[in-house]
A.B. asks: 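For reference, the structure I am asking about is given below.
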Amino acid sequence: QPIIIFDKVNKWYGNNFHVLRDIDLTVAKGERIVICGPSGSGKSTLIRCINRLEEHQQGRLVVDGIELADDVKAIDQVRKEVGMVFQQFNLFPHLTVLENLTLSPMWVGKMPKKEAEEKAMHQLNRVRIAEQAEKYPLQLSGGQQQRVAIARALCLKPKIMLFDEPTSALDPEMIKEVLDVMIAMADEGITMLCVTHEMGFAKAVADRVIFMDQGQIVEQNNPHDFFNNP
Ligand code: ADP
Ligand code: ADP
């Protein structure tokens with residue numbers, strides 16, 4: 001039983017910009033997929049449809065058995081199952097690292113403060129950033145900020161994690177620390193889709209590399225073939 005099904009999914013921006021063209025894609029539970037392709041080819045739009053940050057207009061999209069149609073309940077449901085990490089971290093600058101987790105909109109008011117803090121500290125430990133819990137995001141390096149963003153997504157115990165160029169805003173020496181955290185997550189069996197130009201992640205853990213161009217999936221390979229293809 002696949003966890004994500006795109007069945008002839010089409011999307012337009014405005015009336016005539018056809019950004020996703022007949023996307024057919026089936027993702028197995030626990031699969032790790034890297035999506036690459038030129039800028040503007042629709043990669044970001046494709047993954048943003050999965051948690052309904054973008055809406056498709058044609059075709060079927062089913063995420064963990066939830067049919068993503070125009071239904072608010074389905075959107076709430078799916079956002080509980082799908083974590084997302086962005087290029088620009090998207091942390092609240094006026095909140096501490098710990099508060100960025102405990103006061104995140106999906107979480108706040110759902111449990112006693114002490115319990116939220118314990119769970120948050122557990123996730124911060126997982127990404128090895130617990131010592132920075134009382135600092136503010138701008139006091140951290142980019143790589144540390146991105147690990148906080150990952151910890152925040154993990155607090156919701158998502159079945160699926162989406163990454164939109166998670167290392168593109170980082171200095172080279174910080175890319176590895178974020179990739180190591182992602183590789184550790186992959187080992188725990190979370191389904192992952194990652195838009196990236198960073199082939200380190202693909203080489204280390206991807207089960208499949210998808211290549212997009214002009215709104216279409218033009219090639220799919222297992223990474224072994226992909227990296228050995230001249
Ligand atoms: P990629 O992630 O491959 O760079 P995107 O999915 O971000 O591609 O964007 C695909 C195309 O859609 C780009 O040409 C972009 O300018 C356009 N686009 C993205 N978001 C919007 C939007 N909200 N409205 C109109 N056009 C958009
Ligand atoms: P990416 O880094 O994924 O290629 P962009 O830098 O193109 O994304 O876009 C950043 C944000 O602006 C995204 O949320 C995207 O949806 C939106 N966007 C991109 N192109 C357009 C556009 N032509 N009109 C409106 N919004 C857009």
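For the numbers below, each heavy atom of this structure counts, side chains included, while hydrogens, waters and symmetry mates do not. The shown structure was predicted, so the numbers you read here are calculated from the model rather than taken from an experiment. Note that ligands are numbered from 1 as they come in the structure, with each ligand's atoms numbered from 1 the same way.
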A.B. asks: Would you find a donor on one side and an acceptor on the other, under 3.5 Å apart, between the side chain of Asn10 and the backbone of Asp22?
C.D. replies: yes

A.B. asks: In the hydrophobic clustering that connects Ile, Leu, Val, Met, Phe, Trp and Tyr at side-chain heavy-atom distances below 4.5 Å, which members other than Ile5 occupy its cluster, ordered by chain and number?
C.D. replies: Val62

A.B. asks: Could you see which bit of Thr45 sits under 4.0 Å from ligand 1, with heavy atoms only: side chain, backbone, both or neither?
C.D. replies: both

A.B. asks: Going by distance only, is there an N or O of Gly40 that falls short of 3.5 Å from an N or O of ligand 1?
C.D. replies: yes

A.B. asks: Under 4.0 angstrom from ligand 1, any heavy atom of Gly37?
C.D. replies: no

A.B. asks: Counting each atom of ligand 1 from 1 as listed, which ones have a heavy atom of Ser41 under 4.0 Å away?
C.D. replies: 1 (P), 3 (O), 8 (O)

A.B. asks: Name all residues meeting the ring pair (Phe, Tyr, Trp, His ring centres under 6.0 Å) criterion together with His18; count only those two or more places apart in sequence or in a different chain, and write none if there are none.
C.D. replies: Trp12

A.B. asks: Salt bridge check, Glu198 against Lys203: does any charged N sit closer than 4.0 Å to a carboxylate O?
C.D. replies: no

A.B. asks: Count the heavy atoms belonging to other residues, nucleotides or ligands that lie under 6.0 Å from CD of Gln1, then report whether that count exceeds 12.
C.D. replies: no

A.B. asks: Transitively linked via ILVMFWY side-chain contacts under 4.5 Å: Leu140 with Leu179?
C.D. replies: yes

A.B. asks: Is Lys43 in polar range of ligand 1, meaning some N or O pair under 3.5 Å apart?
C.D. replies: yes

A.B. asks: Check for me whether Pro38 has a heavy atom closer than 4.0 Å to any atom of ligand 1.
C.D. replies: yes

A.B. asks: Between Gly42 and ligand 1, is there a nitrogen or oxygen pair with a distance under 3.5 Å?
C.D. replies: yes

